[in-house]
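Before any comments, here is the structure.
Just the heavy atoms: all of them, side chains too, but no hydrogens, waters or symmetry mates, feed the values below.
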2 protein chains.
Amino acid sequence: MTLSSRAVGVKDVAARAGVSLGTVSNVLNRPDRVSASTRVRVEDAMRELGFVRNESARQLRAGQSRVLAYVVLDAGNPFFTDVAQGVELEAAETDLWLFICNSDNSTERERAYLDLLQQQRVQGILITPVDPEAEHLRDVAGRGTPLVVVDRTQQGLDLCSVAVDDVLGGRLAVEHLIDRGHTQVAFIGGPLSIGQVQDRWKGAQQAWSEAGLPPEALHLLPTSTLTVGEGRGAGERLVGLPSRRRPTGAFCANDLLALGLLQQAVASGRRVPDDLAIVGYDDIEFAAAAAVPLTSVRQPRQELGRTATELVVDEANNPDHTHTQVTFTPELVARTSTMG
Amino acid sequence: MTLSSRAVGVKDVAARAGVSLGTVSNVLNRPDRVSASTRVRVEDAMRELGFVRNESARQLRAGQSRVLAYVVLDAGNPFFTDVAQGVELEAAETDLWLFICNSDNSTERERAYLDLLQQQRVQGILITPVDPEAEHLRDVAGRGTPLVVVDRTQQGLDLCSVAVDDVLGGRLAVEHLIDRGHTQVAFIGGPLSIGQVQDRWKGAQQAWSEAGLPPEALHLLPTSTLTVGEGRGAGERLVGLPSRRRPTGAFCANDLLALGLLQQAVASGRRVPDDLAIVGYDDIEFAAAAAVPLTSVRQPRQELGRTATELVVDEANNPDHTHTQVTFTPELVARTSTMG
DNA sequence: TTGTATGCGTTATCAG
DNA sequence: CTGATAACGCATACAA
C-alpha cells in the first residue's frame, strides 16, 4: 500500500512513533532496553510504514554479513543440490542463510560470481570449482573472504577443502565388476581434465592391474561432459566394438552417464545386467529409482556440505583457524544393475 | 598475501597509486575519463593491495542492486533447476546475477528468505511459493521490491505471475490414456492443497467425464508429498486393489512420483506399459532417460524462467509497468511408458 | 529514555 | 586530472 516517497528509514519510523531515532535502533537491536509499551508503538509504526531494514547500511557499519554462498558447478545435477542441502542444514544452526550460485561449468561465470560475492562481503564462500588450482580461488582467501573447496582435493595446504577419495571410489567400482566375473570392462567418462574423473579412472586402473588382468581389456571410452546424453552416446559406441572384445561391464564416472547408458542399452534390446552390467557414481536419488536400480558409489553428500560449512564458519570466526583438508570415504551400493 | 590492517578502500588505492580518490572512482566507474597511463597505475595498485569494491557502500549510495533472487520450493527437483536456468540466461543478458534460495517447502523459511532479500534490496524476487495467496507475498510488493510468482496462478491481479495451464495438462494426460484404451485409471498425487495437484486432478476428471466414463473408474490415490519414495508407495497400494477394478493406467502429478511408481512396478514384475501404462508430469530430463522412457506432460520450463525474469526487470525499471499474468500451454510427450 | 553527532566506503559534484 | 565535500541509512556512544 505504502506508495509513499520511497525509502522508509529509521527516522521515519521514529517520527511516526513519536520517539527518538536511537529508540528505534534499540527496538531493532536491543529490544530489552526499551519499555514494552514504546516497543509496541515502534513496531506498529514499522508495520504501518512498511519499514524494511537496509542491510547495505547495516552491513557497511557492522562489516559482517549473515549469508554464506555456495557456488556449484551444475545446479541441474542432483549431487550438488544434495550437498547444498547439507550446507543449509548446518548453516541454519548457526543462524546463517545460503545463496546458491551456478557457475554452470564456466570459469568466467565462476570468477564473476566470486567477485560479486566478495564485493557483497558474504561471511564465507563454498565452491566446487571448475579447476581447484585456479589462481582466483587463492586470491579470494588472500583478500579476506573465507573460502572452502568442496568435492575437490587441494594440492596446496593453503585452503580448506572437503572431498571424497575418488581413487578409492574407482577401485571399489571396478573391484565389484571383477568380483562379478567381468573380464572386459569399459570406463566411461570425461574429460579427464576433471580431477574426479581422472581419479576414478586411476582407481579403476589400479584395481584392474592388481587383479592381474590385461590393460587392454579395460577400455577407456571418453566423453566430453558428464551428462545423460553423453551416456547414451557412449552406449552406441560400446555396441560398435567387436563382440570378442566388447565389455560386459561398464563403470561410469557419474550417475548421469550411467542412466544414459542404461537407457540406451535397454532401448537397444540389451538386458541389464545380463548383457551389460553398469556401475554409476554419486548414488543420486534417481539411481535407486531407475527402473533397473543402479549400482553406484555413494558419497556422503550431506556430510560434505555440513563439514564444509563448519570449516568456513570456523575460518570466519576463529582467529586460530588452521586450514584443513578433510577426506571422506566412499562406499559401494550394489543393486540390480550388476546383481541381476 | 595482503595480511594488512584489514579493509583496503579506495583511498588506500589512491595513496598507493599516487592519485586522488576521485580518480580511483573514475577508473572504477568511468574509465574513459582517465588517461591510459594513470588508469594502468591505478589498476596495478588495486591488484597489489587486493582491493575489493564494497558492494554495501556502493549500493547504499546507488540504492540499487544488480542481483535477482529466485526462491524455489525444492532445490532437489530438477524442474525448478531448469526454471532457474531460464532465469539465469535471461538475467545474464540484462547484466544481472542470480542467487537461488531454497524454501524447501517451508512457509517459515520462505518468509525468512523474503525478509532477507528485501533487506538486501535485491533488484527483484522470483518465487515459487508454498501458498500463492499468502499475505507476505503481497507485503513484499507493497514495500517496493518487485516480485513475480512462478509456476502458480494468482487469484488477484495485483502481482505478476507466470504459470502453466495445469487443468489442461491434466486433461492431456488422461485423454491420452483414454485414447490408448484404458478404462480403469489412477490419479496419483497430493496433497490436494497444492494448487498444481488440484488443477491436474481437476483436468483429469474433466477429460474422464467428457469421455462418458464412470467416475468410480478414475481412482484417486493421494500421496503426502511429490517424491520418488511416495511414488513407490503408491505402486504398492495399486497392487492391493482388486484385480477387476485395478487400474491399467496411471497419471502421476509429477515425474518424481512417476519414476517411483515405474521402479516399483518393474521391481514387482509388472511390465510397462503392457500391465501398467504411466504418464508423468514436468518432463524432467530423467523422464526421457528412464530405462522405460516416460510419457510426460511438458512445461516450457526455461521459458517460464525467462518470462518471469522479463517481468521482474520490467517491474523494477519501467514506471508504467502493469502487472501481468502469463499462462503457458503444456504439451504431452508420448514415450514408451504408454506406447509400448 | 532522548537528542545529537560520528563513521562505515563509495559515488558524484564542483571549482580549481 | 586534483582536492574537498556531501550524501546514502544505520548503529553506537555520549551527554543530558
Rounded to whole Å, the CD-C1' distance (B:Q119 to D:dC8) equals 17 Å
If the threshold is 4.0 Å, N to carboxylate O, is there a salt bridge linking A:R47 and A:D44?
yes
Check: When all nucleic acid strands are considered with a 4.0 Å heavy-atom cut-off, which category describes A:N26: base, sugar-phosphate, or nothing?
Finding: nothing
Rounding to 0.5 Å, atoms CD (B:Q59) and CG (A:N54) come to a distance of 7.5 Å
Item checked: Side chains of A:R66 and A:Q123, donor plus acceptor under 3.5 Å -> no
B:L21 atom CG is separated from C:dC8 atom P, nearest whole Å, by 13 Å
| request: Ignoring backbone atoms, establish whether B:N54 has a side-chain N or O less than 4.0 Å from OP1 or OP2 of C:dT10. | output: no
A:R66 CZ to D:dA11 P, in whole Å, measures 10 Å
When rounded to whole Å, the CZ to C1' distance for the pair B:R33 and C:dC14 reads 12 Å
Residue pairs passing the side-chain hydrogen bond (donor to acceptor under 3.5 Å, both in side chains) test with at least one member in residues 83-98 of chain B, sequence neighbours excluded, are A:N102-B:E88, A:R109-B:E88, A:Y113-B:E88, B:E90-B:R306, B:E93-B:R306
Judged by nearest nucleotide, the residue sitting upstream toward the 5' end of DNA chain D, A:F51 or B:V24, is B:V24
### Task
For A:E55 and B:Q118, indicate whether the former's side chain and the latter's backbone hold a donor-acceptor pair under 3.5 Å.
no
Check: Is the closest side-chain heavy-atom distance between A:F99 and B:V67 below 4.5 Å?
Finding: no
In whole angstroms, the gap separating P of D:dC10 from CG of A:D12 amounts to 8 Å
Separation of C:dA12 atom C1' from B:R30 atom CZ, nearest Å, is 6 Å
Under 4.0 Å between a Lys/Arg side-chain N and an Asp/Glu carboxylate O for B:E135 and B:R138? no
| message | Check the phosphate of D:dC8 against B:R121, side-chain N and O only, distance under 4.0 Å to OP1 or OP2. Yes or no? | response | no
Residues of residues 55-62 of chain A with a heavy atom under 4.0 Å from any atom of DNA chain C, listed by number, are A:L60, A:R61
Rounded to whole Å, NZ of A:K11 lies from P of D:dT12 at a distance of 17 Å
*Identify whether any heavy atom of B:L28 sits under 4.0 Å from a base atom; if not, whether one sits that close to sugar-phosphate; answer base, sugar-phosphate or nothing.*
sugar-phosphate
Any base atoms under 4.0 Å from A:G9, or only sugar-phosphate, or nothing? Heavy atoms, all strands.
sugar-phosphate
From CG of A:N29 across to C1' of D:dA13 the rounded distance in Å is 14 Å
